[in-house]
Amino acid sequence: VQLQASGGGLVQTGGSLRLSCAASQSTFKLNAMGWYRQAPGKKRELVAAITSGGDTNYADSVKGRFTISRDNAKNTVYLQMSSLKPEDTAVYYCHDYDYLDYWGQGTQVTVSS
């Protein structure tokens with residue numbers, strides 16, 4: 001399995017970013033996927049998740065601001081982030097729930113105040 005997250009960067013408060021995660025596994029369309037983040041000195045936390053059928057759930061802190069989606073034809077999961085806040089600053093990782101021990105390289109998101 002390989003998960004390649006991209007799309008991070010530096011953005012001002014209130015700005016938007018779209019993260020992408022390209023997956024290599026052929027079972028992608030059958031697997032639930034998630035986005036997690038880890039800020040310095042903090043534990044990794046769930047941001048959003050999506051099932052193979054498209055059902056989603058979000059951390060309370062991002063509800064109404066972030067949207068997770070997937071394109072099974074492209075083996076890609078997305079995280080659209082809007083109204084970004086400094087507390088959203090973290091390394092963001094995508095995760096395949098069929099490969100619990102695997103964490104690919106994340107992508108850094110920095111929100112300046």
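Because the structure is predicted, anything quoted here is derived from the model rather than measured. We count residues from 1, following the sequence as given.
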Item checked: Ala23 backbone acceptor or donor facing Asn75 side chain under 3.5 Å -> yes

Notebook entry, point to check: If you round to the nearest 0.5 Å, how far is CG of Asp88 from OG1 of Thr110?
Noted result: 11.0 Å

Next item on the list: Give me the one residue out of Leu17, Leu19, Thr107 that meets side chain to side chain contact (heavy atoms under 4.5 Å, CB included) with Leu79.
Entry: Leu19

Next item on the list: Check whether any side-chain heavy atom of Glu45 sits under 4.5 Å from a side-chain heavy atom of Arg37, and report yes or no.
Entry: yes

Checklist line | Non-hydrogen atoms of Ser16 and Ser83 that approach each other most closely | finding: OG-N, 4.4 Å

Next item on the list: Any chance you could lay out the side-chain contact (heavy atoms from CB on, under 4.5 Å) test for Thr13 and Leu84, step after step, and finish with the verdict?
Entry: CA-CA 5 Å; Thr13 296; Leu84 283 161; over 6 Å; no

Next item on the list: Taking the side chain as every heavy atom from C-beta outward, state whether Lys42 and Pro40 have any atom pair closer than 4.5 Å.
Entry: no

Note to self: Measuring only between side-chain heavy atoms, which start at C-beta, is Gln4 closer than 4.5 Å to Cys21?
What the structure shows: no

Next item on the list: Report yes or no: do Gln25 and Asn31 form a side-chain donor-acceptor pair below 3.5 Å?
Entry: no

Notebook entry, point to check: Which heavy-atom pair separates Gln108 from Ala90 by the least distance, and what is that distance?
Noted result: NE2-O, 3.4 Å

Notebook entry, point to check: Linking I/L/V/M/F/W/Y whenever any side-chain heavy atoms sit under 4.5 Å apart, do Val62 and Tyr93 land together?
Noted result: no

Check: Rounded to the nearest 0.5 Å, what separation is found between the SG atom of Cys94 and the CD atom of Gln105?
Finding: 11.0 Å

Which side-chain N or O atoms in residues 46-56 pair as donor and acceptor under 3.5 Å with protein atoms at least two apart or in another chain?
from	atom 1	to	atom 2	distance (Å)
Thr51	OG1	Gly53	N	3.2
Thr51	OG1	Gly54	N	3.2
Thr51	OG1	Asp55	N	3.0

Item checked: Listed partners of Ser69 passing side chain to side chain contact (heavy atoms under 4.5 Å, CB included), at least two apart -> Tyr78

Checklist line | Verdict with reasoning, Lys43 to Gln38, per side-chain contact (heavy atoms from CB on, under 4.5 Å) | finding: CA-CA 6 Å; Lys43 293 182 178 179; Gln38 188 167 19; 5.6 Å; no

Item checked: Ionic contact status for Lys63 with Asp60, cut-off 4.0 Å -> yes

Notebook entry, point to check: Got a sec: does the CD of Gln2 have more than 12 other heavy atoms crowding it under 6.0 Å?
Noted result: no

Check: Are the side chains of Leu3 and Tyr102 in touch, meaning some heavy atoms are under 4.5 Å apart?
Finding: yes

Check: Say you draw a straight line from CG of Asp98 to OG1 of Thr27; how long is it, rounded to the nearest 0.5 Å?
Finding: 6.0 Å

Next item on the list: Would you mind reporting whether Met81 and Arg65 have side-chain heavy atoms less than 4.5 Å apart?
Entry: no

Notebook entry, point to check: Would a distance-only check, ignoring hydrogens and angles, find a side-chain to backbone donor-acceptor pair under 3.5 Å from Thr76 to Lys74?
Noted result: yes

Notebook entry, point to check: Which ring pair (Phe, Tyr, Trp, His ring centres under 6.0 Å) pairs, counting each pair once, include a residue from residues 28-63, with sequence neighbours left out?
Noted result: Tyr36-His95, Tyr36-Trp103

Notebook entry, point to check: Does any non-hydrogen side-chain atom of Val111 lie less than 4.5 Å from one of Gln12?
Noted result: no

